[in-house]
K.L.:
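I'd like to ask some things about the structure below.
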2 protein chains.
Amino acid sequence: MFSLDQLSAFVAVAEELHFGRAAERLNMTQPPLSRQVQKLERAVGARLLERDNRKVELTEAGQAFLTEARRLLALVETAGDLARRVDQGAAGTLRLGFTATSAIRTLGPLLRRLSEELPDVDVILHERVTPGQIDGLLRGELDLGLGRPPFDSDVLDSRIVSREPLCAVVPGNHRLAALGRPLTSADFSGEQVISYSPTQARYFHELTVRFLAESHPRIEQRVQQILTVILLVAAGRGVALVPASARHLGVEGVTYCDLAGPGQAVELHAIWRRDATSPVLQRVLTMLPEHH
Amino acid sequence: MFSLDQLSAFVAVAEELHFGRAAERLNMTQPPLSRQVQKLERAVGARLLERDNRKVELTEAGQAFLTEARRLLALVETAGDLARRVDQGAAGTLRLGFTATSAIRTLGPLLRRLSEELPDVDVILHERVTPGQIDGLLRGELDLGLGRPPFDSDVLDSRIVSREPLCAVVPGNHRLAALGRPLTSADFSGEQVISYSPTQARYFHELTVRFLAESHPRIEQRVQQILTVILLVAAGRGVALVPASARHLGVEGVTYCDLAGPGQAVELHAIWRRDATSPVLQRVLTMLPEHH
DNA sequence: CGTCATTACGGAATGCGTAATGATA
DNA sequence: TATCATTACGCATTCCGTAATGACG
């Protein structure tokens, strides 16, 4: 088999049609150049250059081989590029899980930034509830998730990417809509409250239960999706607690009310495996907004 | 820059995911294999294999590079093939000159054999009178010609590829058509004879003049092409001498008559430059029929 | 303690450069 | 005689294989 040096030698001679000039171009002397070309000819099994002491010219076989040699060397030049880009996280694939809610305010800007700063990264989106994302992360089906606590922080690392207040959503003609002040837990006394699945939307379920712990509302529904909750509210089935960004969903016939008291923060976490090695992931993490 | 050996080493390890087995496959021991892979990684500028003492696996960069490496090695495998085929004359281009007459019986079979035995040879056809072919050969526009003497045998080599008798062509109702015996020179006495251009169809011109030297026919036309001659005969403008294969042109209204006496042979020569180096030409020459 | 990748070291092979050769105009 | 590719030869580098080291289960 021939070597890449031999290819370079041949191409140089073929282009210069002169061993001396070709050797100069390759920063070497003629004799080794001669030998390299001879070796290449032996390896290929065909005479590539017709040469005597007066002229050098390509044979037809040499003409044909020159094309291949150039193609090969060009490929050598660029072969490492992709690998380097992948290594630096500038190319590759990111399998990103997200909850329907996170898509409202967080996912869009993130995707926009990704496509601007890492245009060679393909993002494959998977809409899943948080437990589904955690499952996917652990199985290696996802590289990064956008979800809510809780999760096993031994194997999963995370970072808060957004924090927003919780608010109430009530039918437009509801008495709570007319109060014109932040609602307290007590305001919900006796209200029909729509809440979340304790397993599939545990985070919102617990936020709701915690906020309303002192009053004793009737909790009937066990819904997974924020949007479903709001649609049920619009249908007059009750009131609910949702993250403030839900206001932007544009559902008609409902009113959003602030809640009284501090600390009703809804956190969205970026979650990934601690042992993840994906360069794309590492790179994406460096550009994630961090909220403390 | 990396070497092809390094690529092979990397591909072997990437496929075996085990340095020991990969080394065995490459007929070498582990240590140099390790070093080759390390060198490759340094040359590429990215870690390609994630390895500790228990497992070996591809990084994402390595995954990307593996594709390139395979493509490159495949190209290396096949790079020499075309050159070898060209060298052996089994691929390439043959620029072939021919006279209209040679096409009748010789060109077709030749082209058929070429496409069967050398399917990767492209034949580019140039219909030219013999002087035009010789010009083309000398200028390097043609590789091989099918023409008639004379030509300069110092620079051009040749071989007779067919020999056929000369015959007379006369109008169907002509008195010579009714004789029913081979015609002699004397039979043409007083006939209107159509002959050939002394420069552009010198060979047939001289054949005609030589045969008819003793009689004294009236020679009026100066035609280049055999077909034109026959059409003129059909039109009643005279009689003419043509190669026997002209019978197969299928012109109506004419009769072909044998000529008396021996040696009225029409030779067709394959002609090429003595200094021609084209492997295709060499290969084609070996399969040309040779008539002595 | 066994497995497996890596580092250490000695010897062989490859490759370059200088010098000599040969062939051509 | 001048040019230019090739062969001859000495030296440096590269690369392999054996042996030793190190890390991990």
Side-chain angles (χ1 to χ4, degrees), chain A residues 1-44 46-59 61-63 65-66 69 73 76 155 274-275 277, chain B residues 1-44 46-59 61-63 65-66 69 73 76 155 274-275 277:
Chain A
M1 186 157 72
F2 53 81
S3 77
L4 295 175
D5 285 345
Q6 287 162 14
L7 286 186
S8 306
F10 168 67
V11 170
V13 176
E15 287 176 353
E16 300 285 349
L17 292 179
H18 189 288
F19 277 72
R21 284 194 297 276
E24 192 175 356
R25 202 171 98 181
L26 296 169
N27 296 315
M28 60 195 297
T29 55
Q30 294 93 330
L33 183 58
S34 266
R35 289 191 293 260
Q36 294 287 29
V37 172
Q38 289 166 14
K39 280 193 158 188
L40 179 62
E41 288 180 321
R42 247 177 296 140
V44 171
R47 178 154 269 257
L48 302 176
L49 291 165
E50 190 62 42
R51 49 197 187 277
D52 56 25
N53 296 351
R54 220 21 73 171
K55 68 177 190 304
V56 176
E57 55 190 24
L58 279 168
T59 63
Q63 191 88 42
F65 191 74
L66 178 58
L73 289 175
V76 167
V155 291
R274 284 191 188 281
D275 63 357
T277 58
Chain B
M1 186 157 73
F2 53 81
S3 78
L4 294 175
D5 286 344
Q6 288 162 14
L7 286 186
S8 307
F10 167 66
V11 171
V13 176
E15 287 176 355
E16 301 285 349
L17 292 179
H18 189 288
F19 276 73
R21 285 194 296 275
E24 192 176 356
R25 201 170 102 182
L26 296 169
N27 296 315
M28 61 196 293
T29 54
Q30 293 93 329
L33 182 59
S34 266
R35 289 191 292 260
Q36 295 286 29
V37 172
Q38 289 166 15
K39 279 194 157 190
L40 179 62
E41 289 180 321
R42 248 177 293 143
V44 171
R47 177 153 270 258
L48 302 176
L49 291 166
E50 190 62 40
R51 50 198 186 277
D52 56 23
N53 296 349
R54 217 24 68 172
K55 68 179 191 302
V56 176
E57 54 190 23
L58 281 167
T59 63
Q63 191 88 41
F65 192 73
L66 179 59
L73 289 175
V76 167
V155 290
R274 284 190 188 281
D275 64 357
T277 58

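Below, chains carry the letters A, B, ... as their sequence lines are ordered, and counting in each starts from 1.
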K.L.:
Measure the NZ-OG distance between A/K39 and A/S3 for me, rounded to the nearest 0.5 Å.
P.N.:
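If we round to the nearest 0.5 Å, A/K39:NZ and A/S3:OG are 8.0 Å apart.
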
K.L.:
Answer with base, sugar-phosphate or nothing: what part of the nucleic acid does A/K55 contact at a heavy-atom distance below 4.0 Å?
P.N.:
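No contact.
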
K.L.:
Measure across A/L66 and A/A14 and return the closest heavy-atom pair with its distance rounded to 0.1 Å.
P.N.:
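So the minimum-distance heavy-atom pair works out to CD1-CB, 3.9 Å.
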
K.L.:
Taking 4.0 Å as the cut-off, does a side-chain nitrogen or oxygen of B/R21 come that near to OP1 or OP2 on C/dC4?
P.N.:
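For C/dC4, OP1/OP2 do not have a side-chain N/O of B/R21 under 4.0 Å.
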
K.L.:
I need the CD-P distance between A/Q6 and C/dC16, as an integer number of Å.
P.N.:
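So the CD-P distance, A/Q6 to C/dC16, works out to 9 Å.
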
K.L.:
Quick one: B/L17 CG to C/dA5 P, roughly how many Å, whole number?
P.N.:
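Between P of C/dA5 and CG of B/L17: 10 Å.
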
K.L.:
If I take atom CD in residue B/E24 and atom P in nucleotide C/dT3, what distance separates them, rounded to the nearest angstrom?
P.N.:
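These atoms are roughly 15 Å apart.
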
K.L.:
B/E57 has an atom CD; how far is it from atom P of C/dC4, in whole Å?
P.N.:
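From B/E57 CD to C/dC4 P: 16 Å.
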
K.L.:
Taking it one step at a time, do B/R51 and B/V37 satisfy side-chain contact (heavy atoms from CB on, under 4.5 Å)?
P.N.:
CA-CA 12 Å; B/R51 50 198 186 277; B/V37 172; 4.3 Å; yes

K.L.:
Is there a donor-acceptor pair under 3.5 Å between the side chain of A/D5 and the backbone N or O of A/S8?
P.N.:
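No, A/D5 side chain to A/S8 backbone: no donor-acceptor pair under 3.5 Å.
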
K.L.:
Please give, in whole Å, the distance from C/dG17 C1' to A/L26 CG?
P.N.:
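For the pair A/L26 CG and C/dG17 C1', the rounded distance is 15 Å.
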
K.L.:
Distance check needed: D/dC24 P versus B/F19 CZ, whole Å only.
P.N.:
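Interatomic distance, CZ of B/F19 to P of D/dC24: 16 Å.
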
K.L.:
Nearest nucleotide by nearest heavy atom, which residue falls closer to the 5' end of DNA chain C, A/D52 or A/S3?
P.N.:
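So the residue in question is A/S3.
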
K.L.:
So, does A/Q38 get its side chain near the phosphate of D/dA5, meaning an N or O under 4.0 Å from OP1 or OP2?
P.N.:
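Indeed not, no polar side-chain atom of A/Q38 lies that close.
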
K.L.:
Taking both distances under 3.5 Å as the test for a Watson-Crick or G-U pair, what stems of at least three pairs does DNA chain C have?
P.N.:
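Only these stems qualify: C:1-25 with D:1-25.
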
K.L.:
Which value, rounded to the nearest 0.5 Å, describes the distance between B/R47 atom CZ and B/R42 atom CZ?
P.N.:
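Spacing of CZ (B/R47) from CZ (B/R42) equals 11.5 Å.
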
K.L.:
Considering just the side-chain nitrogens and oxygens of B/S34, establish if one lies under 4.0 Å of OP1 or OP2 belonging to C/dA5.
P.N.:
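No.
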
K.L.:
Let me see the working for A/F65 and A/L49 under side-chain contact (heavy atoms from CB on, under 4.5 Å), right down to the final yes or no.
P.N.:
CA-CA 10 Å; A/F65 191 74; A/L49 291 165; over 6 Å; no

K.L.:
Hey, what are the protein-to-nucleotides 16-23 of chain D N/O distances that come in under 3.5 Å?
P.N.:
from	atom 1	to	atom 2	distance (Å)
D/dC16	OP1	B/Q36	NE2	3.0
D/dG17	OP2	B/T29	N	3.2
D/dG17	OP2	B/T29	OG1	3.2
D/dG17	O6	B/R35	NH1	3.3
D/dG17	O6	B/R35	NH2	3.2
D/dG22	N2	B/N53	ND2	3.2
D/dA23	O4'	B/N53	ND2	3.2
D/dA23	N3	B/N53	ND2	2.9

K.L.:
To the nearest angstrom, how far is B/E50 atom CD from D/dC24 atom P?
P.N.:
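The answer, rounded to whole Å, is 13 Å.
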
K.L.:
Only counting residues at least two apart or in another chain, list the ones meeting salt bridge (Lys or Arg N to Asp or Glu O under 4.0 Å) with A/E57.
P.N.:
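Listed in chain order: nothing, the list is empty.
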
K.L.:
Within this structure, what is the CZ-CG distance for the pair B/F2 and A/L4, rounded to the nearest 0.5 Å?
P.N.:
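That separation rounds to 7.0 Å.
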
K.L.:
In whole angstrom, give the distance that lies between atom CZ of A/R51 and atom C1' of C/dG22.
P.N.:
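The distance from CZ of A/R51 to C1' of C/dG22 comes to 15 Å, rounded to the nearest Å.
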
K.L.:
Counting neighbours of CD on A/E16 that are heavy atoms of other residues, nucleotides or ligands and sit closer than 6.0 Å, is the number greater than 12?
P.N.:
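It does: A/E16 CD has more than 12 such atoms within range.
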
